[in-house]
4 protein chains.
Amino acid sequence: MKKLNKSFASDNWSGVCPEVMIALQQANAGHVEAYGEENDFYTRDAIKKFKTLFGDDISVFFVYNGTAANVLATSHVLRSYQAIVSAKSAHMNEDECGAPENFGGSKILEIETEDGKIRTGQIEPFLHSIGFQHHVQPRIISISEVTEKGTVYTPGEIKGLTDFAHSHNMLLHMDGARISNAAVALGVTFRELTTDVGVDVLSLGGTKNGLMFGESVVFFDKNLAKDFEYTRKQGMQLHSKMRFISAQFDRYLTRDLWKKNAQTANRMARLLEKSLRLFPQLNIARSVDANGVFVSIPPEIIPRIQQHYFFHIWDENTSEVRLMCSWDTTEEDINGFAEALKKILQH
Amino acid sequence: MKKLNKSFASDNWSGVCPEVMIALQQANAGHVEAYGEENDFYTRDAIKKFKTLFGDDISVFFVYNGTAANVLATSHVLRSYQAIVSAKSAHMNEDECGAPENFGGSKILEIETEDGKIRTGQIEPFLHSIGFQHHVQPRIISISEVTEKGTVYTPGEIKGLTDFAHSHNMLLHMDGARISNAAVALGVTFRELTTDVGVDVLSLGGTKNGLMFGESVVFFDKNLAKDFEYTRKQGMQLHSKMRFISAQFDRYLTRDLWKKNAQTANRMARLLEKSLRLFPQLNIARSVDANGVFVSIPPEIIPRIQQHYFFHIWDENTSEVRLMCSWDTTEEDINGFAEALKKILQH
Amino acid sequence: MKKLNKSFASDNWSGVCPEVMIALQQANAGHVEAYGEENDFYTRDAIKKFKTLFGDDISVFFVYNGTAANVLATSHVLRSYQAIVSAKSAHMNEDECGAPENFGGSKILEIETEDGKIRTGQIEPFLHSIGFQHHVQPRIISISEVTEKGTVYTPGEIKGLTDFAHSHNMLLHMDGARISNAAVALGVTFRELTTDVGVDVLSLGGTKNGLMFGESVVFFDKNLAKDFEYTRKQGMQLHSKMRFISAQFDRYLTRDLWKKNAQTANRMARLLEKSLRLFPQLNIARSVDANGVFVSIPPEIIPRIQQHYFFHIWDENTSEVRLMCSWDTTEEDINGFAEALKKILQH
Amino acid sequence: MKKLNKSFASDNWSGVCPEVMIALQQANAGHVEAYGEENDFYTRDAIKKFKTLFGDDISVFFVYNGTAANVLATSHVLRSYQAIVSAKSAHMNEDECGAPENFGGSKILEIETEDGKIRTGQIEPFLHSIGFQHHVQPRIISISEVTEKGTVYTPGEIKGLTDFAHSHNMLLHMDGARISNAAVALGVTFRELTTDVGVDVLSLGGTKNGLMFGESVVFFDKNLAKDFEYTRKQGMQLHSKMRFISAQFDRYLTRDLWKKNAQTANRMARLLEKSLRLFPQLNIARSVDANGVFVSIPPEIIPRIQQHYFFHIWDENTSEVRLMCSWDTTEEDINGFAEALKKILQH
């Protein structure tokens with residue numbers, strides 16, 4: 001089997017963590033009712049794990065990927081004339097090829113941010129549209145936890161946004177593709193980041209933190225979840241052999257596997273930051289809150305480093321690149337990267 | 001781990017065949033470029049296998065499930081005012097919760113059939129709509145191979161439909177969720193069933209024949225495939241850790257694994273048919289072409305058999321049930337079913 | 001100005017009745033607030049007229065045409081996974097180029113009918129889908145009054161359908177493009193045909209009975225109407241100079257103008273029927289309930305008659321044609337048609 | 001009949017100009033083939049007028065309103081994963097309740113502008129997305145002529161944008177809801193503003209300049225227009241009594257009626273500007289290129305003026321209001337407004 005060098009491109013270049021791989025093998029026994037129906041005990045068990053962590057009043061549904069989780073979670077609670085307010089940099093807005101607009105028919109009202117986090121003062125101007133029939137009606141505030149710029153909302157900041165949302169008949173959606181990294185960074189539980197601070201609907205990711213495939217949509221109000229099974233099926237996201245998503249999530253939420261994986265990724269990011277700070281030619285552009293490091297590198301050497309360790313350029317204008325650490329990043333990888341960098345900078 | 005009795009409910013109640021499970025484990029090594037991009041050699045290799053079997057002029061794309069394969073394959077080549085002609089019983093028409101209408105905006109023009117197969121004479125009335133601005137414009141004929149009623153189109157029948165389609169500026173789509181079972185039943189290659197008889201676009205399934213997840217869309221004309229990557233991404237069907245779909249398909253198409261699995265399922269269906277014919281109280285309702293047996297059973301005993309071996313009722317009016325065999329069905333299962341039946345019928 | 005012969009093609013080949021033309025001129029005075037907002041007294045007055053005829057609890061909205069009235073009325077109360085049940089021959093199903101499927105994303109479940117009218121027994125099979133996540137969920141029954149086959153539902157028949165709908169958590173939509181002709185035919189009020197028998201939402205047409213443009217959507221429950229203004233605007237159906245639709249409807253519903261126009265059309269249809277019955281070569285195929293006459297004519301003479309009076313062929317197989325009478329059809333037209341027919345048949 | 005004071009709220013608060021009203025009456029004679037089909041000579045004649053003004057290679061279609069013209073013109077030439085680039089302030093982006101996103105499924109990529117006009121340098125950053133499957137693909141540049149901020153693109157500026165568009169495989173759409181006002185302001189023909197400078201598709205408005213209802217979509221390449229009749233029908237924009245839109249446009253484009261009406265509106269705007277400049281308390285915020293005047297007024301007196309002459313507040317932060325002149329605005333109206341203002345400012 002051929003094997004690429006470890007990269008810092010994205011946490012989805014990594015594979016499946018060993019514990020999840022074992023869970024998949026164990027779930028591969030005999031026949032199980034398809035589509036997560038009532039006799040699929042893998043799905044039943046996985047949902048129980050979610051309730052342990054988020055509280056009993058949630059409704060959980062599994063889908064294939066993060067784009068689907070975001071799009072179905074929001075479109076299900078929106079009519080097409082209602083809009084999503086999000087950061088301009090949000091994955092939903094920029095990196096889902098227009099899926100939210102196409103599937104739900106809803107417009108995204110975008111907010112420019114420096115750090116990927118939106119503030120209530122930036123949402124206020126959109127409230128003028130409420131009741132004006134020519135304008136889309138803002139109905140969901142969507143935030144990413146971790147943001148696309150590597151920052152993390154505190155529970156207090158989230159509470160501020162949900163309070164604002166609810167006082168204006170709006171809902172709060174959290175794109176939690178990397179919620180595990182955020183929880184670890186803040187030293188809080190999932191519950192403290194969501195249920196306790198009024199989040200209405202959550203996309204909870206697993207693929208970026210050690211799963212093979214599968215993401216989940218969590219509704220914190222059963223009324224919002226009503227009929228979601230039809231939205232999921234019509235959204236082409238109902239897996240027939242559902243047990244193979246459920247078994248992954250069951251294991252992921254057992255014995256803090258989610259935490260262990262995220263801790264590794266976050267710790268490696270801090271280590272990477274530390275080793276990069278030793279190079280005066282580099283500039284750490286943003287706060288390293290979770291598992292991503294954003295750093296400005298002299299443009300002429302970028303292609304040379306990429307030959308050793310691949311990563312993506314974040315902003316060509318500022319020569320800022322994004323280095324993502326994963327559940328499988330090792331100190332050896334960090335040291336190797338630093339050494340490669342050193343050699344290139346010395347020449 | 002709990003374990004359900006083997007069932008005859010559907011070929012998606014079974015698990016993953018051992019060869020594919022091993023391929024998944026082998027693919028789980030180090031980092032691989034995400035999204036099936038050019039450095040993902042798993043995806044590259046899998047596509048080569050498709051070309052070996054279907055010819056070099058195809059374009060192949062992986063998606064998550066069969067609904068997505070059908071909906072994206074057809075909507076990509078349609079404008080919303082163009083319509084799909086299919087059998088009323090087609091999966092696209094009845095079992096995808098309106099996904100084709102919702103995602104592509106296209107209407108399905110349905111044809112009543114006895115055996116799940118449509119004939120050109122039944123399509124002709126829809127041709128009157130061509131050029132009439134009040135009517136949707138028929139543009140795709142979609143057939144299922146195997147059909148939802150367990151029957152199989154011969155290559156000659158398919159050729160008749162593609163010739164008809166092409167002579168009226170239409171295309172032919174094949175829902176090949178069970179194409180392996182059809183090829184085995186007919187003793188032909190994939191190529192003889194598709195490329196050689198003029199199929200334009202194919203949904204080729206794997207999940208029902210031993211895969212964990214993943215289906216594919218095959219275009220037989222590269223012009224039709226143009227820009228499909230955007231349709232897939234916008235359709236929420238682009239897997240980040242693509243190698244785990246690709247590696248499954250690579251193995252599936254290697255050393256005739258697809259054929260081995262389908263042969264087992266088909267052989268078990270014939271065996272099941274044979275053993276059911278011994279019961280004078282039962283009536284085999286349809287030709288057993290592939291891996292499904294449709295049989296009328298006295299209604300009062302259905303729930304009692306279902307307690308031992310679960311299956312779905314196909315038509316309540318005729319008390320017809322559907323018994324599906326899978327790659328993992330064994331002679332022991334067939335005998336067990338027959339014995340359970342015998343005991344129940346004797347009382 | 002060139003002028004075509006009067007035709008029997010459709011009631012939308014006729015022009016605008018004189019009373020409505022005068023109303024349009026009178027409304028053309030000075031500035032009026034756009035979009036039917038609160039200072040547009042024309043719209044306010046027109047809505048009052050609707051309330052006089054249908055009761056105070058309705059909500060009324062004006063749109064441009066009948067397709068829009070049908071599509072917006074139904075899609076507004078549906079989620080995309082919910083379906084419309086209608087006759088196969090329904091305008092929504094066959095003659096709106098897939099607009100319901102495209103705009104609302106909803107599937108139409110079609111029922112074959114002989115006379116254009118659906119019966120509850122034909123809807124029952126669709127109820128099996130309720131609660132099954134793979135199937136669209138039937139939510140609206142849509143009927144046409146007058147039907148596309150020229151027949152009329154009695155209030156009792158409508159009550160039977162609405163009772164059935166409501167007992168299964170469904171709604172009843174009436175496509176009333178020709179409701180005036182139905183009311184006149186039955187000798188009942190609008191209220192007796194709708195409010196009193198439980199109709200939930202109505203498309204009330206004007207264009208086919210003497211208006212220049214404009215149709216209306218009437219909700220009989222204000223909760224169903226909530227936020228419809230956004231659906232209308234997003235549906236591209238909000239007229240800026242709204243007064244010019246409102247003024248037409250105001251006049252249309254004043255001093256029984258709607259009734260006068262429909263009475264003429266219906267009376268002319270009966271007269272036409274009577275004169276056609278004198279020809280033994282012709283066969284009146286359907287009951288002449290309203291303003292349409294369906295008659296089988298020897299196919300070889302159809303083009304020759306069409307040169308004098310144009311009409312559409314309804315069914316090529318049975319050589320059945322549709323002859324529509326309009327508010328402006330005169331006895332002279334009927335006699336002229338009969339004479340032309342006579343001459344042609346004599347040769 | 002009640003009558004409101006003349007207002008400066010919008011050019012769609014005015015009525016129908018007398019010439020068009022007469023044309024409507026003249027068109028109301030006898031039967032005419034519906035839906036603009038080939039025997040509708042009104043539609044045929046109106047299209048000829050368009051060809052005289054824009055050249056013979058165009059295709060013209062009538063729709064009901066400006067939102068529909070914009071949405072159908074663009075969605076017809078787009079796939080849902082392709083995007084529209086426009087000014088943030090564009091009507092399509094802000095004032096159509098999300099119709100472009102909902103009907104076509106396409107995202108709008110917005111550009112902040114000071115004066116409503118976009119420059120090629122602002123479009124360039126979006127080109128980075130081309131070929132990247134996660135991003136929508138920019139395909140149409142949409143400009144408004146006149147812009148929503150009252151400014152006008154010169155033919156040279158438009159040429160710069162179309163050249164840029166075509167060199168990047170993009171198209172240029174012009175929202176010409178007020179194209180007549182722009183042509184008059186620049187002293188150029190329609191042809192010089194569109195055909196001659198490479199515009200690909202145009203929404204040409206009439207309602208804001210004296211029509212009762214009806215707008216048009218003009219394609220400058222017949223290949224782009226192919227099958228548009230189905231998009232229009234499915235888009236709920238096919239008028240049955242088409243002659244009543246066609247007859248208005250025929251008259252509008254005859255003997256320079258469009259020009260006469262626009263000249264009046266533009267002249268009145270300049271007169272209004274002149275009289276407002278006499279008040280030192282007011283600040284004319286933008287260049288008065290066409291028929292709109294944007295002026296900052298002390299906020300405390302705005303409601304008092306609105307009681308006499310209604311208008312809309314454009315920007316609450318800067319106390320900027322928009323005063324629109326129409327084909328029916330008179331010197332008396334301007335003087336009346338100035339006098340009312342004078343009295344209020346003196347107190």
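The chains referred to below are lettered A, B, ... by the order of the sequence lines, with proteins before strands, and numbering in each begins at 1.
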Review point. For D:Lys49, does the NZ atom sit with more than 12 other heavy atoms under 6.0 Å from it, leaving out its own atoms?
Key: yes
Review point. So how far is it from D:Met212 CE to C:Ser240 OG, rounded to the nearest 0.5 Å?
Key: 12.0 Å
Review point. Chain D heavy atoms under 4.5 Å from C:Ala68: which part of the residue, side chain, backbone, both or neither?
Key: both
Study note, to complete from the structure: side chain to side chain contact (heavy atoms under 4.5 Å, CB included) test vs C:Tyr64 passes for just one of D:Leu238, D:Val63, D:Asn65, namely D:Asn65
**Study point:** Side chain proximity check, C:Asn102 to D:Phe103, heavy atoms < 4.5 angstrom
**Key:** yes
Exercise for review: State, yes or no, whether a side-chain contact exists between D:Thr67 and C:Gln237 at a heavy-atom distance under 4.5 Å.
Suggested key: no
Revision key, fill the gap. Whatever's closer than 4.5 Å to a heavy atom in chain D on C:Tyr230 counts as both
Review point. Should D:Glu101 and C:Gln234 count as side-chain neighbours, where that means a heavy-atom distance under 4.5 Å?
Key: no
Check your understanding: Which value, rounded to the nearest 0.5 Å, describes the distance between C:Met236 atom CE and D:Leu72 atom CG?
Key -> 5.0 Å
Revision key, fill the gap. Taken to the nearest 0.5 Å, the spacing of C:His31 NE2 from D:Ser14 OG works out to 5.0 Å
Review point. Non-hydrogen atoms of chain C under 4.5 Å away: do they reach the side chain of D:Gln25, the backbone, both or neither?
Key: both
Point to revise | Engaged part of C:Asp333 at the chain D interface, taking heavy atoms whose separation is under 4.5 Å | key: neither
Study note, to complete from the structure: Residues C:Asn28 and D:Met21: closest non-hydrogen pair is ND2-SD, 3.7 Å
Revision key, fill the gap. Here the gap from D:Asn12 atom CG to C:Lys241 atom NZ, rounded to the nearest 0.5 Å, amounts to 7.0 Å
Check your understanding: Mind checking whether D:Phe244 and C:Val16 have side chains closer than 4.5 Å, heavy atoms only?
Key -> yes
Practice item. Check whether C:Tyr35 gets within reach of chain D through its side chain, its backbone, both or neither, counting any heavy atom under 4.5 Å. Key: side chain
Check your understanding: If you count heavy-atom pairs under 4.5 Å with chain C, which of D:Ser326, D:Pro100, D:Gly235, D:Ala34 comes out on top?
Key -> D:Ala34
Review point. Should the pair D:Phe213 and C:His239 be assigned to parallel (<30°), tilted (30 to 60°) or perpendicular (>60°) ring geometry?
Key: perpendicular
